[in-house]
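These notes concern the structure reproduced below.
All values derive from a computational prediction rather than experimental measurement.
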Amino acid sequence: MSAAPGPLRIGMIGCGNISAQYLASFPSLPDVELVAVADLDASRAEAVASAHEDVRALSVDELIADPDVDTVLNLTIPASHAEVDRRAIDAGKNVYAEKPFAVETADGAAVLEAARAAGVLVGSAPDTVLGTGTQTARAAIDEGLIGAPIAATATMLTPGHERWHPNPDFYYVPGGGPLLDMGPYYVHALVTLLGPVDAVIGAASRTRSERTIGSGPRAGEVIPVSTDTHVSGILVHSSGVLSTLVMSFDAVASSIHPIEIHGSAGSLAVPDPNRFDGDVELHRLGGEGWETLPVNAGYVDASRGIGLQDMALRGADLRASGALGQHALEVMNAVLASSRSGSRVEVASSCERPQAVPLTDVRG
């Protein structure tokens, strides 16, 4: 394992909705220290800084240049992820970006190349795959409890984020939609469980050209839709496993497990990959029904930001890596490209299946 960089001094760029979850996590992460925050709306950064001791509110430029910041946590909108990452890397900082890793596959690849040249670390959300839910499922597969994996399903159905999000515009433009927004949770989990993807076949649709905001000060405002809102794909893993992916902002609900892995000796129900925990259930060949497996792997009581703690502990061997984020991005964009062409699309990138997480409580 490569030498870890030690405690990380974090500069957080972007103080929107998701930032609250990271801020709540930082006190429980012993090797992660938030030192500065920035946002295009300076008042939001100032509000965060005033609520957290020894945290300074800076401009984006000031934060990227600040010598006290060694790692930039990039919580900007997806369209800005690659640009902000590149600026931070050019300043010699490690970066950890919210999902998706970028919008365009080529932009994500450029971030990784810049990081290699600069000798800095790159991490990518979602780090939910490091929790006890996905990792207990990973352990069950590795222990052979389902035999040889054959197929998987990953399903996320919702009527749309405009029903609850006060500013949902970015969900309905290129770079958003159900696949680029929610797909990273499912694709990261599938790669963690089953390994990288070689090729995809996709189909997509959109049912409405407009959406109506349902909450907040803009409630009732109509916004345009310029990206597909129901996407299906078949992922052909290097191992030969076939995963079926369904991501939708057009459907109401589903009664099936978020992820199911089917093997020659059993089937595995994996909890919501947007969560860190949850029950893992096994139905054995010849068994009498689903049984709940004991929690035996993953970071205990993890929350958003555990990927940064993993980066601090493991350095270049971090599990929520930029390479995983980039591979997932290419897989998702390949599904969209296949939906437009009607043809199978090969995935050029690959990544190592991330190392398993033993049962670990970072709080000791």
Side-chain angles (χ1 to χ4, degrees), residues 78-79 81-82 85 97-113 122 124-126 128-129 149-157 170-206 225-250 258-259 261 273-274 320-354:
H81 285 176
D85 283 353
E98 248 304 319
K99 53 79 186 172
F101 187 57
V103 172
E104 300 296 335
T105 301
D107 291 339
V111 168
L112 292 185
E113 180 55 37
V122 182
S124 175
T128 45
V129 294
I150 298 166
T153 60
T155 308
M156 191 289 303
L157 305 178
F170 69 95
Y171 291 118
Y172 294 102
V173 299
L179 186 57
L180 269 293
D181 176 52
M182 295 300 294
Y185 296 107
Y186 293 79
V187 177
H188 280 236
L190 289 171
V191 173
T192 295
L193 295 167
L194 301 169
V197 175
D198 284 346
V200 306
I201 302 168
S205 66
R206 71 188 74 166
V225 174
S226 57
T227 194
D228 289 323
T229 50
H230 184 97
V231 183
S232 297
I234 304 295
L235 314 184
V236 182
H237 293 264
S238 302
S239 62
V241 175
L242 301 179
S243 291
T244 302
L245 186 71
V246 180
M247 303 282 112
S248 182
F249 283 169
D250 292 332
I259 296 177
I261 312 293
N274 193 14
S321 68
L324 175 57
Q326 171 63 13
H327 183 61
L329 173 66
E330 183 177 357
V331 167
M332 293 185 294
N333 279 335
V335 169
L336 295 175
S338 176
S339 75
R340 294 188 293 267
S341 70
S343 302
R344 170 181 165 127
V345 173
E346 304 297 318
V347 176
S349 71
S350 187
C351 68
E352 295 292 331
R353 186 183 182 217

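Considering only heavy atoms from C-beta on, Leu242 comes within 4.5 Å of Val236 through its side chain. Side-chain atoms of Pro178 and Met156, non-hydrogen and from C-beta on, do get closer than 4.5 Å to each other. In this structure, the side chains of Val347 and Asp198 stay at 4.5 Å or more apart for every pair of heavy atoms. Taking the side chain as every heavy atom from C-beta outward, Leu190 and Val241 never approach each other to under 4.5 Å. Side-chain contact between Lys99 and Asp181 is present, with heavy atoms from C-beta onward closer than 4.5 Å. Proximity of Ser243 to His237: side-chain heavy atoms (C-beta onward) are separated by under 4.5 Å at one or more points. Residues Leu180 and Leu329 meet the side-chain proximity criterion, which asks for heavy atoms closer than 4.5 Å. At a threshold of 4.5 Å between non-hydrogen side-chain atoms, the residues Pro258 and Tyr186 count as touching.
The shortest heavy-atom contact between Leu112 and Gly322 is CD2-C, 3.7 Å. Counting all heavy atoms, side chain and backbone alike, Ile259 lies closest to Ala154 at CG1-CB, 4.1 Å. Looking at every heavy atom in both residues, His230 comes nearest to Ser248 through ND1-OG, 2.8 Å. Residues Arg206 and Val225 approach most closely at NH1-O, 3.9 Å, considering heavy atoms. Heavy-atom minimum distance, Ala82 versus Asp107: CB-CB, 3.8 Å. Residues Met332 and Leu179 approach most closely at SD-O, 3.1 Å, considering heavy atoms.
Ser338 places a side-chain N or O within 3.5 Å of a backbone atom of Ser343 that can act as its donor or acceptor partner. A donor-acceptor pair is defined here as one N or O able to donate and one able to accept, closer than 3.5 Å; no such pair exists between the side chain of His327 and the backbone of Glu352. His81 places a side-chain N or O within 3.5 Å of a backbone atom of Pro100 that can act as its donor or acceptor partner. Between the side chain of Glu98 and the backbone N or O of Pro78, no donor-acceptor pair lies under 3.5 Å. In terms of modelled atom types and a separation under 3.5 Å, the side chain of Ser232 and the main chain of Ala203 share no donor-acceptor contact.
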Verdict with supporting geometry, Val129 and Leu193, side-chain contact (heavy atoms from CB on, under 4.5 Å) = CA-CA 9 Å; Val129 294; Leu193 295 167; over 6 Å; no
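For the atom pair CD1 of Ile150 and OG of Ser239, the computed distance is 11.0 Å after rounding to the nearest 0.5 Å. Taken to the nearest 0.5 Å, the OG atom of Ser350 stands 9.5 Å off from the CD atom of Glu330. Rounding to the nearest 0.5 Å gives a distance of 12.0 Å between CZ of Arg353 and OG of Ser238. Here the CG-OG1 distance, from Leu324 to Thr192, works out to 5.5 Å after rounding to the nearest 0.5 Å. Remark: Leu157 CG to Met182 CE distance equals 11.0 Å, nearest 0.5 Å. Considering CG of Leu235 and OG1 of Thr244, their distance stands at 8.0 Å, rounded to 0.5 Å.
For Ser226, the side-chain contact (heavy atoms from CB on, under 4.5 Å) partners are Val173, Pro174, not counting sequence neighbours.
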